[in-house]
Structure formats: structure tokens, C-alpha cells
Amino acid sequence: MKKKLVTSALPYANGALHLGHLAGAYLPADIYVRYLRGRGRDVVWVCGSDEHGAAITIRAKKEGISPRDIIDKYHELNKGTFEKFGISFDYYHRTSEKLHHETAQEFFTKLYEQGDQFEEQTSKQYYDAEFNQFLADRYIKGTCPDCNYTEAYGDQCESCGNTRSPEELINPVSTLSGNKPELKETTHWFFKLDKHQEWLKQWVELGMLDGKKHHSPRTWKNHVTGQCMSWLNDELLPRAITRDLDWGIPVPLEGAEGKVLYVWFDAPIGYISATKQWALDNGKNWEDYWKGDDTELVHFIGKDNIVFHCIIFPAMLKAYGDYALPVNVPANQFLNFEGDKFSKSRGWGIEQHEYLEEFADFPNKEDALRYALTRNMPENKDADFKWDEFVEFHDKELVGNLGNYINRVLVLTHKYFEGKVPASDTNLSEKYAEVLELTNALAADIESFNFKQAASRLMEISSWGNTYLQDVSPWKIYKAEPDSPLIAECMYISLQVVTLLSALTEPFIPFTSKKIRRLLNLSELQNGDLDTILSDLTAGKALIASEHAVAQPELLFAQINDRKDDSRKLIIERQKAKLAALLALKAEEEAAKHDPVKPEITFDDFTKLDIRTGKIIAAEPIKKADKLLKLTVDLGFERRTIVSGIALQFKPEDVIGQEVSVLVNLAPRKMRGVVSEGMILMGEDKKGNLAFVGAPEGFGNGFGVK
RNA sequence: GGCGCGGUAGCUCAGCUGGUUAGAGCGCAGGAUUCAUAAUCCUGAGGUCGGCGGUUCGGGUCCGCCUCGCGCUACCA
């Protein structure tokens with residue numbers, strides 16, 4: 001069996017993680033790795049904090065603390081929270097470590113020395129003269145040309161959500177000095193991704209690498225292959241891998257002072273440095289897990305990371321040479337929260353550590369959440385986390401099905417056999433048949449990354465147990481014939497199934513698994529134990545021996561909708577009340593929202609605008625543009641072609657004859673190949689509905705609007 | 001406009017390379033049972049598999065067109 005190297009996306013050490021993150025890249029990996037350990041596989045699972053990038057330095061500046069303060073805080077928080085949820089990384093590293101800096105620099109240097117992997121490009125970028133430094137996109141603020149939001153960043157406007165580039169911003173300002181930045185030339189290194197396009201395509205589409213079969217593409221998820229192919233069928237472009245910034249990994253070249261590796265270049269190398277550190281601490285050789293034919297790499301990520309992990313990082317690894325490429329990248333889609341995206345700024349959703357605090361008095365809260373997230377994992381499409389579903393999974397499946405089953409078996413064992421596993425000469429192979437089939441299916445589900453289905457198999461197994469108990473009904477037999485061997489047989493088999501469940505639950509709900517082991521009075525599971533149990537099951541052997549004494553029954557889960565104790569229910573009610581309050585607040589804000597009044601201008605400014613009345617006399621759609629209409633406007637003294645972004649709301653035939661106001665002295669601009677000579681004035685309401693602003697019918701064309 | 005993913009019972013979702021009467025859980029209706037946390041077990045009702053057309057002996061499953069949802073991307077002077 002080959003070694004396995006498993007990675008989970010490195011969390012950015014600039015904030016806490018929410019439930020969606022857990023369900024996306026950490027919980028599935030944990031299930032997978034725990035399972036592999038149980039099967040006795042040689043597996044290493046690494047992760048760590050991603051601690052570079054401009055977002056961290058900007059935040060530090062804003063809060064008057066150092067970047068180090070921020071990354072230390074969130075590294076500790078995220079690491080600790082993962083531990084509390086039983087997320088069992090072998091190593092949780094951080095990219096600010098010296099070992100990582102060295103590893104990333106060495107990686108860069110080796111590619112650089114090959115001569116044909118990188119190219120230098122010089123371009124003009126904004127520069128802050130006072131601080132003597134180039135400005136990363138995030139360091140530039142200005143007015144968004146789309147929505148007039150005055151605090152838009154150079155890479156994105158947080159008000160309208162559109163992506164930006166710094167040059168588009170109106171009145172750009174450096175966030176460092178507050179001055180207007182100047183454009184200045186700077187040189188950066190670009191990774192020539194285009195060089196790798198051909199083999200990448202072969203690799204993703206056919207699973208072929210260097211003329212050999214590397215993996216079966218059918219085992220990859222549709223949306224993963226799909227997104228990769230949409231990139232690979234297009235033209236890949238060289239990507240900048242350096243930035244002008246003072247926080248990060250210095251570019252290890254002469255004359256590259258003030259430049260660092262771009263975070264996305266250094267972050268995935270974090271998987272390598274984490275493995276190195278783990279190997280150092282455990283007396284292993286990291287290269288055994290990264291290089292050669294005896295190892296398999298699997299990346300667990302969210303869908304936003306697909307391109308990095310399936311195209312860019314593999315290209316980097318291949319360019320370096322020797323490294324194994326991932327055999328699968330089981331990216332999950334996104335988890336929403338009660339119908340909307342998780343959003344820290346809007347307070348929508350719940351973070352992992354918040355959950356632990358809010359549910360402090362909820363018994364088995366870790367497994368309750370792990371289970372709910374697993375059963376509703378966004379494996380192939382976006383999913384929605386709802387408290388009602390959380391309650392349902394908990395009370396119906398964990399309590400009613402699994403917990404109840406185990407309790408029934410233990411109670412009956414004590415009732416009829418003084419807490420000892422009875423003896424029986426039944427044919428286990430025969431009795432195991434259906435359970436074995438379900439168990440094999442569960443294992444296959446995990447190995448093919450179908451964790452949602454695998455979790456439901458657990459329920460099928462305990463459901464089989466419940467049905468079996470019901471079919472035999474030992475309590476009925478007991479009334480007529482207390483010494484019947486059928487009772488012993490039934491309990492003997494049921495105890496085997498409970499023992500099996502103690503191991504099968506481990507990857508999913510490890511805290512519960514541990515409890516079940518304790519109730520059965522069996523030792524804690526070790527690596528490889530699951531494998532032994534599965535082969536015993538296959539061979540029809542006993543998993544728990546006759547005469548073995550089990551512990552006193554104890555409930556594994558406390559029902560939420562409990563008639564006698566509403567404490568758990570109240571916790572859920574509190575969460576729901578929070579949601580209702582947020583929704584009310586949202587509606588209120590929505591109603592009160594209005595665009596801020598723009599900065600004052602002079603009358604002279606106003607008179608520069610030449611606005612005239614006009615009438616649309618022709619209109620036609622523009623090819624390959626959803627939102628644009630090509631309009632011909634009669635201004636009385638001339639006719640003009642004007643391109644207007646109204647096609648989503650107005651059909652060409654509806655606007656002909658429309659009276660409009662036109663800004664006529666606006667500089668012409670070409671859009672989708674059509675030159676627009678002016679702008680039609682439109683009113684726009686909160687929902688984006690548009691209305692023409694024009695003189696009444698018959699007013700006449702070409703008159704000034706003042 | 002381009003690209004990707006999805007549209008299957010009231011709800012949440014499974015259905016691999018096409019093959020007999022389309023499945024599960026929850027919910028609903030009826031029944032059984034009392035070992036068990038009002039838990040469990042059985043039975044039942046419910047779907048023209050988004051729409052139209054095509055390939056095929058046969059299509060939820062393949063192809064084309066259309067439509068709706070989500071995401072990325074271009075365009076909103």
C-alpha cells in the first residue's frame with residue numbers, strides 16, 4: 001500500500017473560521033485520514049496557518065498593532081479550535097516559520113535557475129513617495145466607478161462587490177500616507193504557466209502524466225474537472241509571483257529588495273514545509289511522502305481553491321521536478337447558513353469557536369456538529385446549514401437510531417446476562433452478511449470521498465440492528481422461555497454489531513466512538529484496529545468475546561427536543577432568535593439605505609455638463625453583451641450613436657420613441673466595438689430598477705437641460 | 001455573451017460507463033411493539049426525473065435547442 005500525504009487548505013491567519021470552512025476542507029479530510037489510520041495506512045495529514053499577504057499588514061496598521069500580533073492571535077485560535085473539534089492534523093505549521101521561508105525561497109531559486117520558468121515584466125504601479133514604497137492593490141483606496149462608493153479597494157469594491165484594478169479608481173489615495181500615489185515602474189517575476197498548458201490538460205482530462213497513467217479522471221468530482229478544463233481550454237497566462245511589500249518571504253535575488261513572494265506562491269509550499277517539520281519531529285523522511293512512486297497526494301480544499309491546487313501548484317511541482325502530483329483534489333462546494341452566505345461583516349453565520357461557546361452546556365456538541373455537517377456536506381453542490389436540520393440529524397439519527405440502539409443492547413445485556421457477552425455457537429458469517437455488505441459500502445464511500453453517503457451508512461447499520469432486535473424480540477421470548485438460546489444468540493450478535501459500530505463511528509464522531517468503547521469496556525482504538533475488525537468481520541469471527549463484561553449503560557446523546565429538560569432546546573431557540581433579530585435589522589437597514597451625497601462641486605463644475613433633450617429613434621442589441629443596447633438618438637441638430645447598459649430591463653422595440661436626457665459633451669468611448677457618443681441619463685432605484693429621465697412627449701429635441 | 005456546476009417525491013438529497021414496476025431520510029396516514037432517550041419496527045399515499053426535439057429495440061442517464069438557480073468571466077460613460 002502506498003503512503004498517503006493529505007493536505008487541507010491553509011487557513012488565512014486574519015480571522016476565525018466558520019462552519020462552512022469546517023465542512024469544506026477539514027472535516028472531510030479528518031474523516032478520510034482517521035479512516036486510513038484505522039486501516040493501518042502510512043498517512044500524514046498536514047495543514048497550517050497562511051500568514052502572509054497585504055490583508056494582514058493593512059489590518060495591523062488599522063488596528064495599530066503588528067502583523068505578528070495578528071497572525072499569532074489567529075494561529076492560536078484556529079489551531080486550538082480545530083483541536084477541540086477533534087480535527088486530527090499530524091502537523092499544523094505556520095508559514096511565518098523559518099523552515100517555511102527557507103523552503104519557499106529554495107523552491108523559487110530552483111525554478112529561477114532553470115531559466116525558462118520565470119519571466120520578468122515591468123509595468124507601472126502606484127507608488128507612495130512619502131513611504132517610499134510600491135502599493136499593493138489593497139493599499140489603494142478610491143471611489144468606485146460603478147457605485148461611487150468612496151472607500152473601494154484597488155482590487156475590489158466591497159460595496160458593489162465588483163473586482164477592480166487600482167487604475168480604475170477615481171481619486172486614488174494611498175492608505176499609508178493618505179496622499180495621492182504616483183505611477184512608477186516596477187519589475188516583477190512571472191511564472192510561465194502557459195508553458196505547462198499542454199501536459200496539464202492531458203493530466204486533468206485523461207489522468208495521463210509523462211505518458212503514463214497517473215490517476216483515473218472519473219474519480220475526480222465533476223465540478224473540479226469542469227472548472228479546470230474551462231481554464232485549460234482557454235489560454236493560460238504567466239502569473240505574477242512577486243509583490244512589492246515588506247511583509248512576507250523576501251525574493252531571494254540580488255536587487256530584489258522590498259519584494260516578497262506573492263502569498264499564493266508561498267502558501268501551497270507550506271504543505272511541503274509542514275511535512276518537513278513533522279518529519280523532523282518524528283524521525284521520518286519527508287521526501288518519502290512527496291516524491292517517488294510510493295506515495296499519493298490528496299488536497300482537501302473549498303471550490304475557491306480549485307485552480308490553485310489543480311493547475312498552478314501542480315505546474316510548480318512539475319516545474320521543480322521529482323514531486324508527486326495530487327491523485328485527487330476532492331474540493332467541496334460552499335456551505336450557506338440559513339439561506340444566505342456566511343458573512344462576518346453582516347454577522348451572518350456562526351464561527352467554530354463561537355459555536356463551542358454558545359453550545360458550552362450541550363453534551364457531545366463536537367460530534368453533534370460534526371455529524372450534522374457531514375450529513376449535509378456540500379460535496380457536489382452548495383448546501384445550506386439550518387438549525388432545524390441540525391436538530392433533526394441529532395434527535396432522529398444520533399439519538400433515535402444510533403444512541404438508542406446501543407442503549408437497548410447494553411440494557412438488555414445487563415438484564416438477561418448480568419452485563420456479560422453471552423456465549424453462542426451461531427454462524428456469524430451468515431448473520432453478518434447484510435452488515436458486512438453495508439460496512440464494505442461505507443468503506444468504499446470513504447475511499448471515494450463520498451462522506452455524506454458514508455455517514456448515512458452508519459445509520460443503515462444501526463437501523464439494521466434495531467430491526468434485528470425487533471424481529472427477534474428477546475423480551476417476548478424471555479416471558480415464555482427465559483433460558484432460550486435464541487436470546488443469547490440475539491444479544492451475542494447485537495453486541496458484535498455494537499462493537500463494529502464503535503470502530504466505524506470513529507472517523508465521523510470520534511468522541512462518541514470513544515464513549516462506545518468505554519461502554520463496551522474495550523480498549524481505545526489504535527491505528528490499524530479498524531483493519532483488524534474489518535477482516536474479522538469478513539472472516540465471520542467474533543469482534544467481542546463471550547464472557548467479556550461490559551460497563552453500565554449510559555446515554556450517548558441527550559435529546560434536544562426532550563420533554564423533561566428543555567435546556568438544549570433553549571440553546572437552539574437562542575440561535576434562531578439571533579437570526580430573526582438579524583433579519584429584522586437587515587430589513588430596517590435596507591429601508592433606511594440611501595447613497596451618500598457626493599462631495600460638493602461648484603457651479604462652474606456643473607456648467608461643464610452639456611445635457612440636452614433628445615429622442616431615441618432606433619435601438620438594437622449588441623452582440624456578446626447582455627446589458628448593452630446600441631441606441632440612435634435624435635438631438636435635433638444631429639443624430640448620435642449611444643451605447644447604454646439598459647438591455648436587461650428594456651427591449652429595443654420598447655425604447656424607440658422614448659424622450660431622454662443626454663449628456664452630449666462626454667468623451668466618446670468604445671464598448672464592444674461600438675463607439676458611444678454620449679450618455680443617456682437614467683434614474684435607478686434601490687433594487688436597480690431603471691427609469692428614463694426625459695422631457696414630456698413632444699417637448700422637442702436638442703434643448704439644454706439645466 | 002463565454003465557461004463551469006446544478007434543476008429527480010411536500011422538504012433535503014442518491015441514482016456508476018443507457019436496460020425489467022425511479023430510490024433513501026425527514027414529513028404525512030394507518031398499524032405493531034414496550035428492551036430503549038414519546039425512542040423502535042412494519043405497511044401505505046406522493047414523482048409525465050425543468051421543457052421541447054433527436055439518436056436508440058430501449059433515455060432521469062447520450063446529443064441538440066430552450067428555460068430557471070448558483071458561481072467565475074467580459075460588458076454597464
Given [options], identify the nucleotide with an atom nearest to the side chain of [X].
| X | options | value |
| --- | --- | --- |
| A:H223 | B:rC5, B:rA14, B:rC35 | B:rC5 |
| A:M679 | B:rA36, B:rC5, B:rA77 | B:rA77 |
| A:Q559 | B:rA39, B:rC13, B:rC35 | B:rA39 |
| A:Q333 | B:rC5, B:rU40, B:rA77 | B:rC5 |
| A:V399 | B:rU37, B:rA38, B:rC70 | B:rU37 |
| A:N466 | B:rC70, B:rC5, B:rC41 | B:rC41 |
| A:L555 | B:rU37, B:rC35, B:rA77 | B:rU37 |
| A:K341 | B:rG71, B:rA77, B:rA38 | B:rG71 |

Gap in Å between the two [atom1] atoms, one belonging to [N] and one to [M], rounded:
| N | M | atom1 | answer |
| --- | --- | --- | --- |
| B:rG15 | B:rG64 | P | 22 Å |
| B:rG6 | B:rG10 | P | 22 Å |
| B:rU17 | B:rC5 | P | 14 Å |
| B:rG47 | B:rC42 | P | 23 Å |
| B:rG50 | B:rG60 | P | 10 Å |
| B:rG18 | B:rU55 | C1' | 12 Å |
| B:rC76 | B:rC68 | P | 24 Å |
| B:rC11 | B:rG27 | C1' | 8 Å |

Name all pairs fulfilling the ring pair (Phe, Tyr, Trp, His ring centres under 6.0 Å) condition that reach into residues 396-416 of chain A, sequence neighbours left out, sorted by first residue then second. A:Y416-A:Y478
Taking only nitrogen or oxygen atoms into account, show me every contact under 3.5 Å that the protein makes with nucleotides 15-17 of chain B, one pair per line with its distance.
unit_1, atom_1, unit_2, atom_2, d
B:rC16, O2', A:R218, NH2, 3.3

So what does [X] hit on the nucleic acid, given a heavy-atom distance under 4.0 Å: a base, only sugar-phosphate, or nothing?
| X | result |
| --- | --- |
| A:V643 | sugar-phosphate |
| A:N404 | base |
| A:I680 | nothing |
| A:K452 | sugar-phosphate |

Compute whether any side-chain donor of one residue and acceptor of the other, for A:N332 and A:K221, lie under 3.5 angstrom apart. yes
From NZ (A:K396) to CZ (A:R375), nearest 0.5 Å: 13.5 Å
Interatomic distance, CD1@A:I642 vs CD1@A:I616, rounded to 0.5 Å, equals 8.5 Å
Between A:T467 and A:K303, the residue closer to the 5' end of RNA chain B by nearest nucleotide is A:T467
Contact nearer the 5' end of RNA chain B, comparing A:E677 with A:F557: A:F557
Step through the shown structure and confirm whether more than 12 heavy atoms of other residues, nucleotides or ligands are within 6.0 Å of CD on A:E434. no
Just checking A:E447: does its CD atom have more than 12 heavy atoms from other residues, nucleotides or ligands closer to it than 6.0 angstrom? yes
How are the rings of A:F385 and A:F337 set to each other: parallel, tilted or perpendicular (split at 30° and 60°)? parallel
Any A:K381 side-chain N or O less than 4.0 Å from OP1/OP2 of B:rG71: no
Reckon A:S463 has a side-chain N or O less than 4.0 Å from the OP1 or OP2 of B:rC41? yes
Listed range with range, the stems formed with RNA chain B by at least 3 consecutive Watson-Crick or G-U pairs (under 3.5 Å) are B:1-7 with B:67-73, B:10-13 with B:23-26, B:28-32 with B:40-44, B:50-54 with B:62-66
Nearest-Å distance, [atom1] ([X]) to [atom2] ([N])?
| X | N | atom1 | atom2 | value |
| --- | --- | --- | --- | --- |
| A:W464 | B:rU40 | CH2 | P | 18 Å |
| A:L232 | B:rU73 | CG | P | 17 Å |
| A:E389 | B:rU12 | CD | P | 8 Å |
| A:F390 | B:rC11 | CZ | P | 24 Å |
| A:M459 | B:rU40 | CE | C1' | 14 Å |
| A:N332 | B:rG6 | CG | P | 14 Å |
| A:F334 | B:rC72 | CZ | C1' | 11 Å |
| A:Q453 | B:rA14 | CD | C1' | 6 Å |

Taking only distance into account, with no hydrogens and no angle test, what donor-acceptor pairs under 3.5 Å do side-chain atoms of residues 301-312 of chain A form with protein atoms, sequence neighbours excluded?
unit_1, atom_1, unit_2, atom_2, d
A:K303, NZ, A:Q333, OE1, 3.0
A:K303, NZ, A:D382, OD1, 3.0
A:H309, ND1, A:N305, O, 3.1
A:H309, NE2, A:Y271, OH, 2.7

Using the purine O4'-C1'-N9-C4 or pyrimidine O4'-C1'-N1-C2 torsion, is B:rG10 syn (within 90° of 0) or anti? anti
Could you go through the side-chain contact (heavy atoms from CB on, under 4.5 Å) check for A:L555 and A:N407 one step at a time? CA-CA 7 Å; A:L555 294 182; A:N407 189 240; 3.8 Å; yes
My understanding is that only one of A:Y371, A:W387, A:F359, A:F362 makes a ring-ring contact (aromatic ring centres under 6.0 Å, His included) with A:H394; could you say which? A:F362
Is the shortest heavy-atom distance from the side chain of [X] to the side chain of [Y] under 4.5 Å?
| X | Y | result |
| --- | --- | --- |
| A:N328 | A:H215 | no |
| A:I680 | A:V693 | no |
| A:F451 | A:D445 | no |

Going by side chain to side chain contact (heavy atoms under 4.5 Å, CB included), name the residues that satisfy it together with A:D565, two or more places apart in sequence or in a different chain. A:D562, A:S567, A:R568
Counting primed atoms plus P, OP1 and OP2 as sugar-phosphate and everything else as base, spell out the protein contacts along nucleotides 22-33 of chain B at 4.0 Å heavy-atom distance: B, S or - for each nucleotide, 5' to 3'. ---SSS-----S
Ion pair A:D388/A:K576, N-O distance below 4.0 Å: yes
